[in-house]
Undergrad: 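Sharing a structure here in structure tokens format.
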Amino acid sequence: MSDQPTLPSIADAEGVAPIPRKRVWAWALWDWATQPFNTVIITFVFTALYLTKDSFIDPEIAALGKGAPEYDAAIDQLTSGLGWGLTAGGILIAVLAPVLGQRADATGRRKAWLGWMTLLLVGAMLGLYFVEASPDFFWLGVGLIAFGAIVGEVAGVNYNAMIVEVSTPSTMGRVSGLGWGLGYMGGIVALVIVVVLDLFDWFGMDTSNGMAYRLIAVGCAVWTVAFAWPLFVHVPEAKASERPRVGLIQGYAVLWSDLRELWRDARGTLWFLLSSAVYRDGLAGVFTFGAVIAAVAFDFSDQEVIIFGIAANLIAGLSTIVAGRFDDRLGPRIVILAALGTIVVSGIVIVILHTTGAWVFWLFGLLLSACVGPAQAASRSLLARVAPSGREAEVFGLYATTGRAASFMAPAMWAGTIALLGGTIWGTLGVIAVVAAGMVLLMFVRTPADKGARVDA
């Protein structure tokens, strides 16, 4: 890592000054700072182990225990309620992301938007402290998590757009990979801290009324503040573009005009947004359902699932940082296609050999995990390379919107293949099919970021 993005490069030869390491690391630390919201709160701990448990259902029904129809139905209502809350948040993200990105471009206030959204994310996590272990507080928890998801995604739009402030054309892949990699690492460290606290029974602290989980949320908020601030000190604000400053409603008319312009002048960028929406949903499904496959299809214990999750994120983080160098040398499209192809093959092998034992999931599940981060980081790199100058935040807003528009595919294919073929393991094929579909679409995409490739007008 010693030669991270200040190494002499093609861009330097073209007159582009190298970026100071301090600026690059300050930017990348934001990924590290905010990842616990996704890893600890949304995925592994707060929602899975607290908000969707029997503390939030009628005590009389909770007393019936797991297996009783009334109990199981009540738990299903909790998970469904959480899903509907996140769905509503996703819809708002899809509607608002590109227009808010457009406004950030026009005013030259990407960092300011990122700052306010980060503070709101911290506020949402702090608010989870007040979600006591009672049915009366369930919807408060869902609302705060959905709100956190919204402001976190809007923050991410501006954060992604700021990559042009911390990289040159020849280092963009390494910088993007560094950010994604540190994000994975941050989630792992936060998760390990939670595991250690649990092993030591919180050092004798009273954890009744959900106090342990509520303090975990507060800890995630403090973590974000502690590690996000360097970006706002060391990364400069983008210059305002020459785009018109319009109101929120007028922004949609400008957005439509911009889409028509992209279709006319940069059609490859629009096709990339479409293909990436498909395979990114498949990549999300890999991590969403990976723990379920491990527990149900391969009989992993709770402890084994957590260990596998930590190992998977660790490998994903390291591989993403390394893959960033191949992004700069070979082009992001090649990295994405290689990662997606490996994921598809690994998923098929897991299904074919699942009866031979848990070793197949440890080996090919970790191989599969190693490819998710590189595909995500290279996708960000590719889009940053082809986004029109001064419109990066708007284009990343479209990136978020198209991703949300396709977010039903992996869950639907997962559920559909299980229903059709009978057995959780077959859901793997459903998720892999979505990844494969996105990969096929990407094969037909050409952008200016493809080294030596044809550029579609």
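Just so it is clear, the model here is predicted, and its values are computed rather than measured.
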Undergrad: So, for Pro36 and Cys220, which heavy atoms are closest and what is the spacing to 0.1 Å?
TA: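 Minimum heavy-atom contact is CB-SG, 3.8 Å.
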Undergrad: Do Val233 and Lys22 come close enough that some side-chain heavy atom pair is under 4.5 Å?
TA: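 Side-chain contact under 4.5 Å: no.
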Undergrad: I need the Leu144 CG to Leu126 CG distance, nearest 0.5 Å.
TA: 10.0 Å
Undergrad: When you measure from the side chain of Asn160 to the backbone N and O of Gly156, does any donor-acceptor pair fall under 3.5 Å?
TA: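 Pair found, side chain donor or acceptor close to backbone of Gly156.
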Undergrad: Can you tell which of Ile343, Asp281, Val278 makes a side chain to side chain contact (heavy atoms under 4.5 Å, CB included) with Val435?
TA: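 Output: one option passes, namely Ile343.
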Undergrad: Spell out, as yes or no, whether a donor-acceptor pair under 3.5 Å connects the side chain of Thr34 to the backbone of Trp30.
TA: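 Between the backbone of Trp30 and the side chain of Thr34 there is a qualifying donor-acceptor contact (under 3.5 Å).
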Undergrad: Between Ile336 and Ala375, what is the shortest heavy-atom contact and its length?
TA: CG1-O, 4.0 Å
Undergrad: Counting only N and O atoms by type, is there a donor-acceptor contact under 3.5 Å from the side chain of Arg23 to the main-chain atoms of Glu165?
TA: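 Yes, the answer is positive, given that a donor and an acceptor are paired below the 3.5 Å cut-off.
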Undergrad: Taking Ala338's backbone N and O only, do any of them form a donor-acceptor pair with Thr342's side chain (distance below 3.5 Å, no angle check)?
TA: yes
Undergrad: List the atom of Gly181, the atom of Thr320, and the distance in Å for their closest heavy-atom pair.
TA: N-CG2, 3.9 Å
Undergrad: Any side-chain heavy atom of Ile150 sitting closer than 4.5 Å to one from Met117?
TA: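 No, every pair of side-chain atoms sits at 4.5 Å or beyond.
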Undergrad: With a 4.5 Å heavy-atom cut-off, do Val189 and Trp223 have their side chains touching?
TA: yes
Undergrad: Ring-plane angle category for Trp27 and Tyr159, please: parallel below 30°, perpendicular beyond 60°, tilted otherwise.
TA: parallel
Undergrad: Anything under 30° is parallel, anything over 60° is perpendicular, the rest tilted; go ahead and classify Phe227 against Trp32.
TA: perpendicular
Undergrad: On the 0 to 90° scale, with breaks at 30° and 60°, tag the Tyr184-Trp180 ring pair as parallel, tilted or perpendicular.
TA: tilted
Undergrad: Which of these, Leu330, Leu337, Val335, sits in a side chain to side chain contact (heavy atoms under 4.5 Å, CB included) with Arg333?
TA: Leu337
Undergrad: State, yes or no, whether a side-chain contact exists between Val445 and Thr269 at a heavy-atom distance under 4.5 Å.
TA: no
Undergrad: Does a donor on one side chain and an acceptor on the other come within less than 3.5 Å for Ser379 and Tyr279?
TA: yes
Undergrad: Should we say atom CZ of Phe326 is surrounded by more than 12 heavy atoms from elsewhere, each under 6.0 Å from it?
TA: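 No - once you tally the heavy atoms of other residues, nucleotides and ligands closer than 6.0 Å, there are 12 at most.
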Undergrad: Could you tell me which non-hydrogen atom of Ser176 sits nearest to which non-hydrogen atom of Ile163, and how far apart they are?
TA: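 Looking at all heavy atoms of both residues, the shortest contact is CB-CD1, 3.7 Å.
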Undergrad: For Trp414 and Thr417, test the side chains for any donor-to-acceptor distance below 3.5 angstrom and give the result as yes or no.
TA: no
Undergrad: Which heavy atom of Gly179 sits nearest a heavy atom of Ala28, and at what distance?
TA: CA-CB, 3.9 Å
Undergrad: When you measure from the side chain of Lys111 to the backbone N and O of Pro236, does any donor-acceptor pair fall under 3.5 Å?
TA: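 It does not hold such a pair.
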Undergrad: Tell me, do Pro230 and Leu29 make a side-chain contact under 4.5 Å, heavy atoms counted?
TA: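 In contact.
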Undergrad: Without swapping roles, check the side chain of Thr224 against the backbone of Ala33 for a donor-acceptor pair under 3.5 Å.
TA: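 Present.
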Undergrad: Any heavy-atom pair between the side chains of Asp327 and Arg385 that's under 4.5 Å?
TA: yes
Undergrad: Using modelled atom types and a 3.5 Å cut-off, is there a donor and acceptor pairing between side-chain atoms of Thr47 and backbone atoms of Ile42?
TA: yes
Undergrad: Compare every heavy atom of Met172 with every heavy atom of Asp328, then report the nearest pair and how far apart it is.
TA: OD1-N, 3.4 Å
Undergrad: For the ring pair Phe444 and Trp271, is the centre-to-centre distance below 6.0 Å?
TA: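 Not under 6.0 Å, so no.
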Undergrad: In the structure I gave you, are the side-chain heavy atoms of Leu383 and Phe272 within less than 4.5 Å of one another anywhere?
TA: yes
Undergrad: Find the distance between CG (Leu366) and CD1 (Ile315) and round it off to the nearest 0.5 Å.
TA: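 Here the interatomic distance stands at 4.0 Å.
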Undergrad: Quick check, are the ring centers of Trp362 and Phe298 under 6.0 angstrom apart?
TA: no
Undergrad: Measure the acute angle between the ring planes of Tyr213 and Phe46, then classify it against the limits of 30° and 60° as parallel, tilted or perpendicular.
TA: perpendicular
Undergrad: Is there side-chain contact between Pro20 and His234, with heavy atoms separated by less than 4.5 Å?
TA: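 Heavy-atom side-chain distance check fails, nothing below 4.5 Å.
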